[in-house]
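Comments concern the structure below.
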Amino acid sequence: MMGGVANDGGNSSSDKAGRGRRVRMTGAERRQQLLDIGRALFAEKGFEGTSVEEIAAKAGVSKPVVYEHFGGKEGLYAVVVDREMRQLLDGVTGALTAGHPRELLEQAAFALLDYIESYTDGFRILVRDSPVAQSTGTFASLISDIATQVEDILGLEFKSRGFDPKLAPLYAQALVGMVALTGQWWLDVRRPEKAEVAAHLVNLAWHGLDGLESKPQLVGRRKS
């Protein structure tokens, strides 16, 4: 009996040790786990609705572990947002390959819609407001960064048509903003299909540019 008990106790200790080894993570693995958990919670609940306690509980660690890796909720949020911004910017930049200007507009529209479709949680985080937005960037600043990528394209198009290329940044912001806001709407409705959404966006943008007046005039009474 005593031998059997001792043997059971030994197996139990061994099992516990084995379980401990199975869940032990390297620092890099733990950091990535916390980022994944934080990303999902921020997307679902927003910055204010997410707590360090909940992040730690889902990771199976104590709160000090979260503080050790990120210095707190703000630090974790900042890293999540930075990664999502880079993901989207890289996607847009990589999509803008050589081609007709209209095709480049299609590529930019698809890049944003692809990101929304594949990284839905990330997009939800980017379009949310947060009290730490000043240090992590905002969706508006991200759109501005993307618009910068298409300024040169519009500048060349303007120059070839005899328009002032200095206005390219204004039109780039308008075009990218149009796609981004439509993307926010499409995030929830997911209708029509992505390719059709892209086609309609480019239809509006391209034919608007095609009929562009070199010196537009206001038609209403207000002039300033």
Side-chain angles (χ1 to χ4, degrees), residues 19-20 22-93 108-149 173-174 176-194 197-198 201:
R19 286 196 296 271
R22 284 195 294 272
V23 299
R24 188 172 295 120
M25 294 183 179
T26 65
E29 289 171 338
R30 181 64 73 189
R31 180 181 175 84
Q32 185 59 53
Q33 180 205 31
L34 292 171
L35 283 170
D36 291 341
I37 290 171
R39 181 178 183 271
L41 288 173
F42 290 138
E44 178 187 357
K45 301 183 176 184
F47 178 82
E48 291 293 348
T50 301
S51 67
V52 172
E53 288 84 355
E54 188 172 9
I55 294 169
K58 284 187 174 293
V61 299
S62 61
K63 288 197 299 181
V65 174
V66 180
Y67 289 112
E68 178 185 347
H69 281 278
F70 299 101
K73 183 174 70 170
E74 292 82 359
L76 175 56
Y77 181 86
V79 175
V80 169
V81 169
D82 182 67
R83 287 190 172 193
E84 293 303 325
M85 291 179 72
R86 289 179 183 276
Q87 180 74 42
L88 179 50
L89 281 173
D90 288 348
V92 172
T93 303
F110 265 118
L112 181 55
L113 295 173
D114 284 342
Y115 174 80
I116 294 172
E117 185 176 56
S118 300
Y119 301 92
T120 301
D121 280 355
F123 187 75
R124 290 190 187 281
I125 292 170
L126 291 179
V127 298
R128 284 181 182 273
D129 292 327
S130 100
V132 294
Q134 289 74 21
S135 62
T136 60
T138 63
F139 188 57
S141 69
L142 175 63
I143 293 306
S144 182
D145 289 342
I146 296 173
T148 300
Q149 305 292 325
Q173 293 282 344
V176 174
M178 176 183 71
V179 176
L181 288 174
T182 303
Q184 284 185 256
W185 165 78
W186 185 72
L187 173 67
D188 295 317
V189 299
R190 297 300 175 98
R191 290 288 185 276
E193 296 296 325
K194 179 171 60 178
V197 173
L201 284 169

Pairing residues for [X] by the side-chain contact (heavy atoms from CB on, under 4.5 Å) criterion, not counting sequence neighbours:
| X | answer |
| --- | --- |
| A59 | Q33, L34, I37, V61 |
| A111 | V92, A95 |
| S51 | E53, E54 |
| T120 | R124, L187, R190 |

Could you check E84 against D121 for side chain to side chain contact (heavy atoms under 4.5 Å, CB included), going step by step and ending with a plain yes or no? CA-CA 9 Å; E84 293 303 325; D121 280 355; over 6 Å; no
Can you give me the closest heavy-atom contact between [X] and [Y], atom names plus distance?
| X | Y | result |
| --- | --- | --- |
| A180 | F123 | O-CZ, 4.4 Å |
| W186 | P192 | NE1-O, 2.9 Å |
| Y77 | I125 | OH-O, 4.0 Å |
| M25 | E29 | CA-OE1, 3.4 Å |

Run through V52, V81, L35 and flag the one making a side chain to side chain contact (heavy atoms under 4.5 Å, CB included) with L76.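 The passing option is L35.
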For the NZ atom on K58, are there more than 12 heavy atoms of other groups (residues, nucleotides or ligands in this structure) within a distance under 6.0 Å?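 Atom NZ in K58 is not crowded, with 12 or fewer foreign heavy atoms closer than 6.0 Å.
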When the side chains of residues 64-73 are checked against the rest of the protein, which donor-acceptor pairs come out under 3.5 Å, sequence neighbours left out?
residue	atom	partner	partner atom	Å
K73	NZ	F47	O	3.0
K73	NZ	T50	O	2.8

CG on L112 to CD on Q184, rounded to 0.5 Å: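 If I round to the nearest 0.5 Å, the distance is 9.5 Å.
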How many angstroms lie between CG in L88 and OG1 in T93, if you round to the nearest 0.5 Å?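 These two atoms lie 9.0 Å from each other.
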Please enumerate all residues that pass ring-ring contact (aromatic ring centres under 6.0 Å, His included) together with Y119, with sequence neighbours excluded.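 Result, ring-ring contact (aromatic ring centres under 6.0 Å, His included) vs Y119: Y115.
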